[in-house]
J.: 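Handing you this structure, nothing more for now.
Counting convention: from 1, in listed order, for ligands and their atoms alike. Not measured: the values here are computed from a predicted model.
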Amino acid sequence: MRKVYLDNAATTYVSSEVLAEMLPCFNTIYGNANSLHGFGREAANIVDRARDRIAHAINANKSNEIYFTSGGSEADNWAIKGIAHAYANKGKHIITSAIEHHAVLDACKQLEKEGFEVTYLPVNSYGLINLADLIHSIKKTTTLISIMTVNNEVGTIQNIKAIAKTAHEYGVIFHTDAVQAIGAVKIDVQDMEIDAMSMSAHKIYGPKGCGALYLKNGIRIDNLIAGGSQERAKRGGTTDVPAVAGFGKAVEIAVRDLSINQQKLKAIRTYFIDKVTERIPYVQVNGHPHQKINGTVNMSFEMIEGESIMMLLDLDGVAVSTASACTSQALEPSHVLRAMGIPDEIAQGSIRFSFGKNTTKSDIDYVVDVLEKAVNKLRSISPITKAGRK
Ligand SMILES: Cc1ncc(COP(=O)(O)O)c(C=O)c1O
């Protein structure tokens, strides 16, 4: 059976260039990067190079502003809780958006339990926050604003530079979750005035379980993980040298190949949307029509459920994802689509297709064939019709 992977926003394979960078670190350069002997220094050099590569790719002022973590979730949790705690004597108010990844939202929820106040900004139907809403929500006690650069479900790109500038005009620290942005949009932390930024390796052809927090020198943060002196004594734990080596290479490649990859993805995206909308009626594309990344397309198929489409596609070897969380009671529509004002019955029929650098037009032809078949089959047995319930 043919297999097509259109879930690259969930994770990607490790590219051969990245793997080649990692392999010697498993059994040749295997020292502990914290050890003071030659084996350790060799490993430390690998880690330093990865840090330099990432710093360079995002235009950080200094390499020591990059702190390795176990992934995007840890970086988000650390940034939110660590900065909130470090500045708690100044104030206990944080601003974020309703469409953040759960790593940010749940970290905020934990802070609320500790007595912090959190404002969750609404978004418009494209998934964009409004600058006036942001300004109105800033208080004397606000210490941190965290708004994601690119949304993982619909691909909408926020106006990060303007948001960060606004935060600074009010003396507030600005963090962004850029997990879905690296390799998709140009990131320059100095130009964009970003104080803290979360990144992850496994969305950009790097290994799973590795990420980083960019933290501008001078911004205070409490430790999330206590322990050894690693990461400037801010994040204890023996450094995963192979993963860090791979991550450094993955970021370097993602930034090096950004425009060529985006051109290819744009062509694939257009081809896909044209084919689907030509062949399948009652479909809507969610997210911003232009201010979005090319790799992610979120579509709602009316009158049927996303989970069922996903399962039928899976039987035909096609991997996609749906954002709805299957709870014991009911299918909960995605918090992102809900915040964008998409009615639950439409949101429930939504699927995220995320393309990768290897996705071909022939893959798309196959996916559209099996998608059309799946949608027709499900609609034929759906109790709901355009005219109402059957
Ligand atoms: C926007 C966003 N933030 C954070 C994460 C979490 O990253 P990780 O899987 O590296 O923990 C993801 C992963 O899906 C994401 O898409």
J.: So, for Tyr205 and Val18, which heavy atoms are closest and what is the spacing to 0.1 Å?
T.: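 Between these two residues, the closest heavy atoms are O-CG2, 3.4 Å.
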
J.: Hey, can you tell me if Tyr30 and Phe39 have their rings parallel, tilted or perpendicular (30° and 60° cut-offs)?
T.: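 Tilted.
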
J.: Write out the protein residues near ligand 1, meaning a non-hydrogen atom under 4.0 Å from one of its atoms, in order of chain and number.
T.: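 If the criterion is a heavy atom under 4.0 Å, then ligand 1 touches Gly71, Gly72, Ser73, Asp76, His101, Met148, Asn152, Asp177, Val179, Gln180, Ser200, His202, Lys203.
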
J.: Applying salt bridge (charged side-chain N to carboxylate O under 4.0 Å, His left out), name anything that partners Lys161, two or more places apart in sequence or on another chain.
T.: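 Applying salt bridge (charged side-chain N to carboxylate O under 4.0 Å, His left out) to Lys161 gives Asp191.
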
J.: Tell me, please, which residues at least two apart from Arg279 pass side chain to side chain donor-acceptor pair (under 3.5 Å).
T.: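 Arg279 satisfies side chain to side chain donor-acceptor pair (under 3.5 Å) with Asp369, Glu372 only.
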
J.: Does anything in residues 121-137 form a salt bridge (Lys or Arg N to Asp or Glu O under 4.0 Å)? List the pairs, not counting sequence neighbours.
T.: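 For residues 121-137, and leaving out neighbouring residues, there are no salt bridge (Lys or Arg N to Asp or Glu O under 4.0 Å) pairs at all.
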
J.: Is it true that a side-chain atom of Glu231 and a backbone atom of Phe68 form a donor plus acceptor pair closer than 3.5 Å?
T.: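 Between the backbone of Phe68 and the side chain of Glu231 there is a qualifying donor-acceptor contact (under 3.5 Å).
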
